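All values below were derived from every heavy atom in this structure, side-chain atoms included, with hydrogens, water molecules and symmetry-related copies excluded. Being a predicted model, the structure only gives us computed values, none of them experimental.
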Amino acid sequence: MTILDGGRRVHGATDYVVSVENAEAHLIEDPARKTGVWSYGGSVPGPLLRGRRGEPISIKVINRLEQPTTIHWHGLRIENAMDGVSGLTQDPIPPGGEFVYSFVPPDAGTYWYHPHHRSWEQLARGLYGTLLVDGDDRDGEFDRDYTIVADDWRLEDSGAFHEASLGNLMDWSHAGRLGNILTLNGKAYERLAVVPGERVRLRFINSANARIMSFGVKGQAAWIIALDGQPVPPQRAPEAGVSVAPSQRVDLLVDVEGQAGDEIAIVETSGDSNLVAGYLVCEKGQSERQRQPGAPESLRANDVPRPDLANATRSALVMTGGAMRFLQSATYKGESLDGRTLARKHGQTWAFNGVAGMTDDPLFKAGRGETVRLTLKNETLWPHAIHLHGHHFQIVSRQAAGASTASPPEGAEVDAMRDTVLVDREETVEIALLADNPGKWMLHCHMLEHQASGMSTWFLVS
Ligand code: C2O
Ligand code: CU
C-alpha cells in the first residue's frame, strides 16, 4: 500500500496517515503576522477525515512533536482501546513514535479529533480536526455541506502564540484560557460559496479550550438538525444564535435567501454585540431546488440505545471550587489537602465529589446494558461543559439556580442524545445513559483548564 503523508487518504477509502508537527498558520488577516502552531499535517484545523458508518477506518499517527501526545475521537462510540486517553486507555505516543488507531464508527454525523494528553496546551496550540462519518443517501439532501470549526486563540499583537498565559492559574480557576482572536476553519474571515436558493448544511464544531460560543447566520432562517453528531427532529434555530459549548457540535440547515454578490454574515452572538466571523458568499445563479414549506425532513437516526429510565441505577457528581468559592479542602492523589496547597502546589482548584483530579476508583461502575441516571450538580459560580466518553446520553431534567423544581429539557435538547452538556452556574442537570460499551471511560469538564485543574474522573462499564 502506498502511504502519503500529511493526512491524505491512502490506498482505499479509509486509511489515513496524520503527522503531528510544528507549522505556521495565518490566523490574522494581516499576512505578515503569522503564528507558530502545532498541527496535524501542517494545517489548522487538521485534515478532514471522513469515514462511513459501519466501515473500518484506520489512522496512523506519527508524532513529530517534542512532547508525547495521543488522539481522542470525540463523540465516537468506539472500542475503549482506541479512545486515546493517555494514562487510562493507552500510553502516550512518545516524540518520534507512531500509533495506529483503527475502529468502526457506529454512528453517522459530525465528530472531531484532538489530543488527550496535556489537552489544555495541545488544543490551544492548534491540534484538532474534523472527523465526519457518512451514513446513507440522506446525506445527499443538501446542495452543500460545510464544516465550520470555531476556535478562539490567544495571540500577541505580533501574531505570535501567547506562551506566557499557558498554565496561568488565574485562568484555570476562572473561565479557562480565553482567546482574543476568533477563527473559523483557521481563518480570520472564512468565506463559503453558496448559490441563492440552495440548501446548505453547516456543521459547527467548537474546538476552543474554554469559550462558550453561539452561532447564527444573519437574516436567514436556520434549522437545527443534529446535536453532537446525533440527529434531532428539525427545530427552528433561535434568532439569538445556537449555543455551542466547548467540544459540542451543532448542525444547521439553511435555505439560502439572497442574490448573487450578497455576503451573508456568519455571526458569533455570545457577546454583547454580534461578531462577524465569516460569510456565506452568494455566487451567480439560482438553485433549482423546490422549496418545501415547513420543517425539513429529519436525518436518519443512528442506532444509539435509549436509556431505560424506569430501571436505572443512580449516581451523582457534585462540582465544587473555582474562583469566588474556592475549595476549603479536597482529596488529591489519595491525600486530603487544604485549598491553598492544592492550588499552589498542584494547580488544582476544582473538585468532583470532593476529589481533585483522577482517582484510582471510578465514579461509578455499571454492568453492560445497565441504565445510569447521573445527577450533575454544579455548586460553583462557573458553567461547565461535562463530557462523557464512549456513550451518548439523554438529558432528563434541568434545575436552574434558585429554582425549586427540576423541569424537562426544552427545544432541540428534548430528543437529543448528546456527548457533552453545558451545566450552568449553580444548575443541576440530570442525564441518563445506557452503559453498553465496556471499558474505562473518562468523564470531565471540556473547559480544558478545568479538566487539568481538578475536573476529571472516569467510569467503568464491565
Ligand atoms: Cu473532547 Cu475527553 O474529550
Ligand atoms: Cu469546567
Would S453 and T349 count as a side chain to side chain donor-acceptor pair (under 3.5 Å) if you check the C-alpha gap in whole Å, the side-chain angles of each, and the deciding distance to 0.1 Å?
CA-CA 6 Å; S453 154; T349 58; 2.7 Å; yes
Begin from the C-alpha positions of S165 and R177 and carry the test side chain to side chain donor-acceptor pair (under 3.5 Å) through to its verdict.
CA-CA 8 Å; S165 54; R177 184 174 177 275; 3.0 Å; yes
Once rounded to the nearest 0.5 Å, what's the spacing between atom NZ of K187 and atom NE2 of H26?
12.0 Å
Hey, what do you get for CD1 (I431) to CZ (R418), rounding to the nearest 0.5 Å?
11.5 Å
Side-chain donor-acceptor pair present, D83, H72, cut-off under 3.5 Å
yes
Distance only, no hydrogens: is a donor on one side chain within 3.5 Å (strictly under) of an acceptor on the other, for T69 and Q122?
yes
H444-H116 aromatic ring centre distance below 6.0 Å:
yes
Only one of D107, D303, N302 passes side chain to side chain donor-acceptor pair (under 3.5 Å) with R53; say which it is.
N302
Under 3.5 Å donor-acceptor, Y146 side chain and A193 backbone:
yes
Could you go step by step and tell me if T313 and E370 meet the side chain to side chain donor-acceptor pair (under 3.5 Å) rule?
CA-CA 8 Å; T313 51; E370 192 173 310; 2.9 Å; yes
Is the charged tip of R425 near the ring of W382: under 6.0 Å from the six-membered ring centre and within 45° of its axis?
no
How long is the span from the CD1 atom in I28 to the OG1 atom in T183, to the nearest 0.5 Å?
10.5 Å
Shortest non-hydrogen pair, G241 vs S214, comes out as C-CB, 4.5 Å
Flag the pair P238 / I224 as yes when at least one side-chain heavy-atom distance between them is below 4.5 Å, and no otherwise.
yes
With side-chain contact (heavy atoms from CB on, under 4.5 Å) as the test, would you mind laying out the steps for F352 and L376 before giving the verdict?
CA-CA 10 Å; F352 281 162; L376 307 170; over 6 Å; no
Are side-chain heavy atoms of V44 and T35 found at a separation under 4.5 Å?
no
Taking C-beta and beyond as the side chain, do H74 and S247 meet within less than 4.5 Å on heavy atoms?
yes
Using a 3.5 Å distance criterion without hydrogens, assess whether the side chain of Q248 forms a donor-acceptor pair with backbone atoms of T420.
yes
Check this for me: does any side-chain nitrogen of one of D15 and K60 sit under 4.0 Å from a carboxylate oxygen of the other?
no
Got more than 12 heavy atoms from elsewhere within 6.0 Å of CG, D91?
no
Side-chain (R249) to main-chain (T110) donor-acceptor, under 3.5 angstrom:
yes
So which of R154, E156, R125 actually passes side-chain contact (heavy atoms from CB on, under 4.5 Å) with E163?
R125
Taking S58 for its side chain and S102 for its backbone only, find out whether a donor-acceptor pair lies under 3.5 Å.
no
Test log, rule side-chain contact (heavy atoms from CB on, under 4.5 Å), inputs E268 and L182
CA-CA 9 Å; E268 200 285 310; L182 173 65; 3.9 Å; yes
Indicate whether the side chain of E449 and that of N209 have a donor and an acceptor atom separated by less than 3.5 Å.
yes
For a 4.5 angstrom cut-off between non-hydrogen side-chain atoms, does L202 reach D251?
no
No-hydrogen, no-angle side-chain donor-acceptor test under 3.5 Å, N185 and E190:
yes
Can you tell me if N378 and E426 form a side-chain donor-acceptor pair at under 3.5 Å?
no
Please check if the distance between the ring centroids of W73 and Y101 is under 6.0 Å.
yes
Taking the basic N atoms (NZ, or NE/NH1/NH2) and the acidic carboxylate oxygens, is any pair closer than 4.0 Å for D436 and R306?
no
Quick check for you: to the nearest 0.5 Å, what is the distance between Y40 atom OH and T130 atom OG1?
12.0 Å
Any side-chain donor-acceptor pair under 3.5 Å between S207 and W112?
no
Heavy-atom side-chain proximity of V100 to I59 below 4.5 angstrom:
no
For the rings on H446 and H384, is their centre-to-centre separation under 6.0 Å?
no
So if I apply the side-chain contact (heavy atoms from CB on, under 4.5 Å) rule between I181 and each of L155, D151, D152, which one comes out positive?
L155
